[in-house]
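These notes are about the structure you will find just below.
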Amino acid sequence: MKVLITGATGLVGSALTSLLLKEGYSVHYLTTSKEKIKKTEDYTGFYWDPSKNIIDDNCFQGVSTIINLAGATIAQRWSSRNKELILNSRTKSLQTIYSAISKMTDNRKFKLISSSAIGIYPDSLANYYTEQTTEIDHSFLGEVVEAWELEMEKFKQLSCEVAIIRTGLVCSAKGGALPKLTTAVKNYMGAPFGSGSQWQSWIHIEDLAAMFLFLMEKDLIGVYNGVAPNPVTNKKMVNELAKVLNRPLILPNVPEFSLKLLLGEMSYLLLASQRVSCSKIQKKGFHFKYKNICKALESLYPTNTKTDSKQHLDIKEFV
Ligand SMILES: NC(=O)c1ccc[n+]([C@@H]2O[C@H](COP(=O)([O-])OP(=O)(O)OC[C@H]3O[C@@H](n4cnc5c(N)ncnc54)[C@H](OP(=O)(O)O)[C@@H]3O)[C@@H](O)[C@H]2O)c1
């Protein structure tokens, strides 16, 4: 069976691609970088430029499932230009695929499984969010995710099945937010952000990749939260990381105003709080390999060496 992935060359996409290949699937992928195109028997890249609605239609050959992960990183200064890029890279990617499918004459039906984000849920220390929540966060992130999901829903008009994973903070040693936090802790510069009481609903990268596969193989549709069963506060996350890395936390919390001064509006990424439930996917039979942050971090940083503690540290690198 062949799966088409957008954003396959990124953090989540690489982990998912490895899992799919291991499970015997073939992968077609769309990339915006011609130099990332590879062509092997099981792994074939195709060029696209969603900003111009350009797509190589050969990518759909033999494909029945499309997994959508494409999007410019949100961890860049939220200037007007970057905000436009963050939003458009997501909506236009889906619009480009939509337009290609709608031109097909053979009545093929696809299943779309798309990444979304828990940033859609309102910032709250008290709420516990399930997929039934309808309120949307009044922030740039809320706006992006709402527009992104609206594009996903449109695929139903093409009789496609649609599944959505509202992903939390992806824990990986290879990219995303965690390695930056790790560098800070290793350099004795780790500290919670703001009050540290904000909830971080995280997921181990292996579990997230397994969740995409699970939705595909079980033919599940609808919205699912892509978070582990036990969200933690930012303070707990930093404390657990320090334990795993065998470092003391000697600094006080990084004050909210310093983060706002340094990172501008993007500091929201570090300060917003979303406590999110994964019970819906668990009820469908999905088993998490990593339910607790402690075990997840231990698996990512198995040796507590002090050899790389002299890495350059810049607070702007936190996100
Ligand atoms: N990592 C997290 O903690 C997290 C949390 C919540 C949601 N998510 C979402 O999950 C998805 C995958 O996350 P990730 O961490 O794997 O992201 P990533 O490492 O930044 O990879 C995203 C991929 O999207 C493609 N891309 C970048 N800019 C693009 C543009 N302007 N137009 C079209 N494609 C573009 C790139 O692939 P090519 O260079 O091959 O085109 C890139 O490899 C993203 O949409 C992200 O928002 C991630």
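Of the possible donor and acceptor atoms, none in the side chain of Ser33 sits under 3.5 Å from a partner among the backbone N and O of Glu35. Ser114 places no side-chain N or O within 3.5 Å of a backbone atom of Met152 that could act as its donor or acceptor partner. Checked by atom type and distance alone, the side chain of Ser273 pairs as donor or acceptor with a backbone atom of Ser124 at under 3.5 Å. A distance-only check finds no donor-acceptor pair linking the side chain of Ser258 to the backbone of Glu256 [under 3.5 Å]. Between the side chain of Glu131 and the main chain of Asn225, a donor-acceptor pair closer than 3.5 Å is present. Proximity of a side-chain donor or acceptor of Thr133 to a complementary backbone N or O of Glu135 within less than 3.5 Å is not detected. At least one donor-acceptor pair under 3.5 Å links the side chain of Gln274 to the backbone N or O of Tyr121. Of the possible polar contacts, none joining the Glu146 side chain to the Ile136 backbone as a donor-acceptor pair under 3.5 Å is found.
For Thr96, the side chain to side chain contact (heavy atoms under 4.5 Å, CB included) test picks out Trp48, Pro50, Asn53, Ile55, with sequence neighbours left out. Residues forming a salt bridge (charged side-chain N to carboxylate O under 4.0 Å, His left out) with Glu265 (at least two apart in sequence, or on another chain): Lys83. Among residues two or more places apart in sequence or in another chain, the side chain to side chain contact (heavy atoms under 4.5 Å, CB included) test is passed with Lys109 by Asn107, Ser159. For the ring pair (Phe, Tyr, Trp, His ring centres under 6.0 Å) test, residues two or more places apart in sequence or in another chain that qualify with Tyr29 are Tyr43. Remark: Phe212 engages no residue in a ring pair (Phe, Tyr, Trp, His ring centres under 6.0 Å) (not counting sequence neighbours). Scanning for ring pair (Phe, Tyr, Trp, His ring centres under 6.0 Å) contacts around Tyr128 gives an empty result, with sequence neighbours left out.
Rounding to the nearest 0.5 Å places CG of Leu4 at 10.0 Å from CG of Leu112. Between atom CD1 of residue Ile37 and atom OG1 of residue Thr44 there is a gap of 10.5 Å, rounded to the nearest 0.5 Å.
The aromatic rings of His204 and Tyr290 lie parallel to each other, with less than 30° between the two planes, well short of the 60° mark. Note: Trp78 and Phe140 have perpendicular aromatic rings, judged against thresholds of 30 and 60 degrees for the angle between ring planes.
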Would you list the atom pairs, donor with acceptor, under 3.5 Å between side chains in residues 9-16 and any protein atom, with sequence neighbours excluded?
residue: Thr9; atom: OG1; partner: Lys36; partner atom: NZ; Å: 3.3
residue: Ser14; atom: OG; partner: Gly10; partner atom: O; Å: 2.5

Expected list for residues 60-67: side-chain donor-acceptor pairs under 3.5 angstrom, two or more places apart:
residue: Gln61; atom: NE2; partner: Asn58; partner atom: OD1; Å: 3.4

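Considering all non-hydrogen atoms of both residues, Ala70 and Thr6 come closest at N-OG1, 3.1 Å. Here the shortest heavy-atom pairing between Thr233 and Gly196 reads CB-O, 3.4 Å. Of all heavy-atom pairs spanning Pro179 and Ala173, the tightest one is CG-O, 3.6 Å. Considering every non-hydrogen atom in both Ser116 and Ile164, the closest pair reads CB-CG2, 3.5 Å. Listed here is the closest heavy atom pair of Asp207 and Phe286: O-CZ, 3.5 Å. Among all heavy-atom pairs drawn from Asp123 and Asp137, the shortest one is N-OD1, 3.0 Å.
Among pairs with a residue in residues 6-27, none fulfils salt bridge (charged side-chain N to carboxylate O under 4.0 Å, His left out), at least two apart in sequence or across chains. Residue pairs meeting the salt bridge (charged side-chain N to carboxylate O under 4.0 Å, His left out) criterion with at least one partner in residues 268-291, sequence neighbours excluded, are Glu206-Lys289. A salt bridge (charged side-chain N to carboxylate O under 4.0 Å, His left out) check over residues 210-226, counting only residues at least two apart or in different chains, returns the pairs Lys111-Asp219. For residues 149-158, the salt bridge (charged side-chain N to carboxylate O under 4.0 Å, His left out) pairs, not counting sequence neighbours, are Glu149-Arg166, Glu151-Lys154, Glu153-Lys156.
There is a path of hydrophobic side-chain contacts, each under 4.5 Å, that joins Met1 to Leu213.
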- request: Could you walk me through whether Lys243 and Glu240 pass salt bridge (Lys or Arg N to Asp or Glu O under 4.0 Å), step by step?
  value: CA-CA 5 Å; Lys243 274 190 217 160; Glu240 289 302 326; 3.3 Å; yes

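A side-chain donor-acceptor contact under 3.5 Å links Tyr98 and Gln157. No hydrogens or angles considered: a donor-acceptor pair under 3.5 Å links the side chains of Tyr301 and Thr182.
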